Amino acid sequence: MAEQGERSDKMFTDDSIDARQERIEELKRRTVKLKKRSIRHLIDPITEDYRFDWYAGMSKAPNEKPARRSVSAGSSKAKAAHVQRPPCQAQFANIPMDEGSQSEFQEIESQVDEYPFPNIDLYLQQLVQLKAYTLADSIGSVVVMRDFNVEERVLQVNSLKCVYRRATELTDTYSWVYSCSCSLDKHKEVSTLHKSLRVDSSGFQQEVCIHVDVCQRLLSRMDSICNIDAETIFAQNQSFGDHVYSTSDDDDSTIFQLNESFDVPHIGVLLPSSSPDFPRCGVLRNDKVSSVMCSCGNIITYDGQAEVVLNMGHYLVGYCVLRDYLHHFLHGKSPFFTFFQTWKQNLADCGVDAQELSYIKFVNAWYGFVSLLDLDLDEGFSCPKCDGSPRGCPSILVCDGTSLAFRRSMLTSSREGFSQYCYFPKSSTHSDRVYVKNKDLRTLLKKYCSSTCKDHLTDDGMNKLMSLAAKESPTLHSFLQFIQDGTTVCPAPYRKFLQEISTNFSVCSIMTLTDQVEELMNDLLTGSNLRQHPEKWASLHRNIPVLFELFSADVSLLPLKQEFKELLQSLWNASLGTFTGQDMQVHTCGNVMHCALSYFPSLPQLHCRGHFGMDNATTSKSCSKTFAGHPTLLPGVFTVFCEHGVCYGFEIMETCESPNIPFTILSTRFERAPEVVVYDFACGLHAYCLNRCPVFFKQTKFLVDRFHWRNHKACPGSYNLSRYPALSYLNSQVNEQSNAGLKRIKGQLSYMTEEHFLTHCKLFLYHKNTVVRNSFP
């Protein structure tokens, strides 16, 4: 027992180090050659007496053979039967350990209710006791370990995490820099940092997760026993370059890959009721209810609230029936007529004759019930988190349209006078904002960057590309000469960057003119090596991912080479040129008129839209969004959500969905344009906004949601939301999820009047907002 209990510390003893010294030297040599291999090749041969069975979750002796199974190893039943969950906190006393540790643990365990262990201590203890971690090399540069369930406070059986560390030089000392696979974006930033950082130990702060924290404790003991320190390892790695491991887009060169899935919780709530005690079955009475005369002389009309019924004048309807349909409406998809027929049949089965009560009377009772609900709908269309921000309104918007609508013949409101005529001259043209203006040059450049063999340039095509580049863009020509390797295929590190600038889209989609981007560009153009500054390197990843990926793929570009510096300067000048000119100014128009087709209670209209010179122009678009439309129904409604999933309102679309609808909402209801706008047609919306109010949207980032990005074949990757790690938390499908609910009630709302349609849309979205707001801590 004592022998087995001591095995968890065996890898740290001096005897084991001497016995495996030769093997460690071999591991070091293999570590350097790992660039094209998987980490799985190093897990098994780490140490023969410290292996881990990933399926059973139990340690195995070197010569122990696995138990014979009665079913095939590849079947799902075999895996399910072979998986054994780690013991919980109360079962730790049964794990073999030495007498001193066992008595000490039993003493602590007896007091666990009074003095509960912190999660980090439990995590560390379970990893050591179950041997649920593995070192990929002798210096602990990669540690694979079981994940930890914070709520249940036990190890997770089928979830692994990988913690990386590397020796880094600071201005005053040497230090370990850690990253974890639980945040792949952060790991990518840390792994591509320069080996020598221009910050001191006091200014270097690392974001530490629970996996990194427990790994630091594990490795600190090994470092002290094995005399491993960051300075020594840093000196040893000097001969290997800046990276011991390298990754690429190929699957066989990826060190470790985790496929994470995130489930968004949905919590159901009940709408408030003025009378919680209502009968189980509702009764319709076709009787006329009269009023009574009060002793004070006033006439009091009987409302039926005391008896939990709704008085409709000539008949009464039980609240329970109306509340029943209320929840059918909010959570189901059965039409109102289906509910009415089912309810009448249930009454008939109970011996109640309700044949004289028509469907129209029941519908009118429902409309009256909805109008009497004690709900502040206006207050429900706001987010407490966004309203409490310095802006006082949402800074990140997710918007989209849905086909839910009513009949065009029922439309009574009009937008006449909504947009007061106010002409604004044309601003910079689209061709001025595109970096490569020559269409033939863009086509050749795309073929040069293509990764498929059938699209590669021929020798004549390559000569034509270089001659056109020299004529149209000398800076691009110099950069192409700099990266050319004698073939007609673009080198892999530069493909994505050249594909970005060869599209027919504005340069400012790559470099949004925010204060952070301006600071980054000044640092780059003045010769600063951002990889030596962790905060600036992370800022480059968040704001200009295409440059971050380029500098990560080719670290020799920093500090900027002269050929690339000239190209980057010309790109920056083209982006700045979009917003320079006397005619481009933020519009402000008065005489605002309310439109009944829009409902944004927390975002009142500040000024009218006006008329712009580009409103009468027709432009050819490489990316478009068109719909056939319904012959009798309106196109639908356009909803706007904040980053926290709260709907701020909606607008009924009289024409097919187009960039004009979100542009009108953004330009008339915001004092300052939002920082980020997520839309399935963000590329077209960006161009639409730049053609009308470029200065107003100068610092706005337009992004395509993750679900629809796969349909954008010709758009630059700078519109891809997935490339921005700072927005990885954002649920870009919040509109699609809400629209799916709206489509469920399409059968009830499609043939209502405009007034009832608006009321039911407000009620449905109010309930969705209530669910989201109640989930806030």
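Count residues from 1 along the sequence. Everything quoted here is computed from the prediction, not taken from an experiment.
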Before giving the answer on salt bridge (charged side-chain N to carboxylate O under 4.0 Å, His left out), spell out for E671 and R391 the whole-Å C-alpha distance, their side-chain angles and the decisive distance to 0.1 Å.
-> CA-CA 10 Å; E671 193 68 37; R391 294 172 60 100; over 6 Å; no
Short question: side chain of K496, backbone of L550 - any donor-acceptor pair under 3.5 Å?
-> no
What one should report as the nearest heavy-atom pair of S509 and S506 is OG-O, 2.7 Å
Hey, mind stepping through E549 and K188 against side-chain contact (heavy atoms from CB on, under 4.5 Å) and telling me if it holds?
-> CA-CA 10 Å; E549 295 170 2; K188 190 172 183 180; 4.1 Å; yes
Hey, are the side chains of V676 and L727 touching, using non-hydrogen atoms and a 4.5 Å cut-off?
-> yes
Please check if atom NZ in K446 has more than 12 non-hydrogen atoms from other residues, nucleotides or ligands closer than 6.0 Å.
-> yes
To the nearest 0.5 Å, atom CG of L567 lies from atom OG of S473 at 7.0 Å
Is it true that a side-chain atom of S575 and a backbone atom of L571 form a donor plus acceptor pair closer than 3.5 Å?
-> no
Aromatic plane relationship, F482 with F479 - under 30° parallel, 30 to 60° tilted, over 60° perpendicular = tilted
R198 bridged to E535 by N-O distance under 4.0 Å = no
Would you say the side-chain atoms of N735 pair up with the backbone N or O of T639, donor to acceptor, closer than 3.5 Å?
-> yes
Separation between NZ of K565 and OG of S478, rounded to the nearest 0.5 Å = 14.5 Å
Under the 6.0 Å and 45° cation-pi test, does R495 pair with F497?
-> no
Contact summary for E643 and S395, nearest pair of heavy atoms = OE2-OG, 4.0 Å
Quick check: does any side chain N or O of N769 sit under 3.5 Å from a backbone N or O of G380, one acting as donor and the other as acceptor?
-> yes
CD1-OG distance between I544 and S539, expressed to the nearest 0.5 angstrom | 8.0 Å
Output, in order, the C-alpha distance, side-chain angles, deciding distance and verdict of side-chain hydrogen bond (donor to acceptor under 3.5 Å, both in side chains) for T171 and D200.
-> CA-CA 5 Å; T171 56; D200 54 20; 5.0 Å; no
Distance col, row S382:OG vs L603:CG, nearest 0.5 angstrom, shows 9.5 Å
Given salt bridge (charged side-chain N to carboxylate O under 4.0 Å, His left out), test E472 with K464 step by step and report yes or no.
-> CA-CA 12 Å; E472 299 290 338; K464 185 177 181 181; over 6 Å; no
Is H194 reaching over with its side chain to a backbone N or O of V555, donor-acceptor style, under 3.5 angstrom?
-> no
Take I665 and E651, measure what side-chain contact (heavy atoms from CB on, under 4.5 Å) needs, and give me the verdict at the end.
-> CA-CA 9 Å; I665 296 173; E651 179 173 328; 3.5 Å; yes
Are the aromatic rings of F548 and W537 close, with centres under 6.0 Å apart?
-> yes
Axial cation check for F776 ring with K385, 6.0 Å and 45° limits | yes
How about L742 and L765: do any of their side-chain heavy atoms sit closer than 4.5 Å?
-> yes
Under 3.5 Å: donor-acceptor pair, side chain of Q206, backbone of V208 = no
Determine, stepwise, if the pair M521 / L568 fulfils side-chain contact (heavy atoms from CB on, under 4.5 Å).
-> CA-CA 9 Å; M521 293 303 299; L568 196 61; 3.6 Å; yes
Does T700 reach the side chain of T512, with side-chain heavy atoms less than 4.5 Å apart?
-> no
Side chain proximity check, V640 to C647, heavy atoms < 4.5 angstrom = no
How far apart are the C-alpha atoms of H708 and N711, what are their side-chain angles, what is the distance that settles it, and do they pass the side-chain hydrogen bond (donor to acceptor under 3.5 Å, both in side chains) test?
-> CA-CA 6 Å; H708 291 94; N711 300 325; 5.4 Å; no
Assess whether atom CD of Q484 is packed by more than 12 heavy atoms of other residues, nucleotides or ligands within 6.0 Å.
-> yes
With side chains defined as the heavy atoms from C-beta onward, is the minimum distance between W709 and C715 less than 4.5 Å?
-> yes
Judged by atom type as modelled, is there a donor-acceptor pair below 3.5 Å linking the side chain of R433 to the main-chain atoms of T578?
-> no
Heavy-atom pair with the smallest gap, counting every atom of S179 and H187 | OG-ND1, 2.8 Å
Tell me whether the centres of the aromatic rings in F600 and F650 are closer together than 6.0 Å.
-> no
With a 3.5 Å cut-off and no angle check, do the side chains of Y679 and D705 form a donor-acceptor pair?
-> no
If every non-hydrogen atom of C683 is compared with every non-hydrogen atom of V704, which pair is closest and at what distance?
-> N-CG2, 4.4 Å
Scanning both residues in full, the closest heavy-atom pair of V507 with V434 reads CG2-C, 4.2 Å
Does the side chain of S658 pick up a donor-acceptor pair with the side chain of N660 at under 3.5 Å?
-> no
Can you name the closest pair of heavy atoms from R166 and T192 and give their distance?
-> NH1-N, 4.2 Å
Does any N or O in the side chain of E189 come within less than 3.5 Å of the main-chain N or O of H541, such that one atom is a donor and the other an acceptor?
-> no
Would you say C393 and R669 make side-chain contact, with heavy atoms under 4.5 Å?
-> no
If you count the non-hydrogen atoms of other residues, nucleotides and ligands that lie under 6.0 Å from NZ in K471, is the total more than 12?
-> no
So CZ of R672 and CD of Q699: to nearest 0.5 Å the spacing works out to 7.5 Å
Roughly how far, to the nearest 0.5 Å, is CG of L480 from CG of L445?
-> 6.5 Å
After noting the C-alpha distance and the side-chain angles of N573 and Q569, does the key distance pass the side-chain hydrogen bond (donor to acceptor under 3.5 Å, both in side chains) rule?
-> CA-CA 6 Å; N573 293 338; Q569 182 67 65; 3.0 Å; yes
Any side-chain heavy atom of F381 within less than 4.5 Å of one from Y648?
-> no
Answer yes or no on whether R710 is positioned over the face of F707, meaning its NZ or CZ is under 6.0 Å from the six-membered ring centre and within 45° of the axis.
-> yes
So, the side chain of S502 versus the backbone of L498: is there a donor-acceptor pair under 3.5 Å, distance only?
-> yes
From Y688, F681, F696, F702, residue fulfilling ring pair (Phe, Tyr, Trp, His ring centres under 6.0 Å) relative to F663 = Y688
Under 3.5 Å, side chain of Y724 to main-chain N/O of S718, donor-acceptor pair present?
-> yes
Determine, stepwise, if the pair S570 / Y435 fulfils side-chain hydrogen bond (donor to acceptor under 3.5 Å, both in side chains).
-> CA-CA 9 Å; S570 62; Y435 181 71; 3.0 Å; yes
For the residue pair W572 and E518, establish whether any side-chain heavy-atom pair is separated by less than 4.5 Å.
-> yes
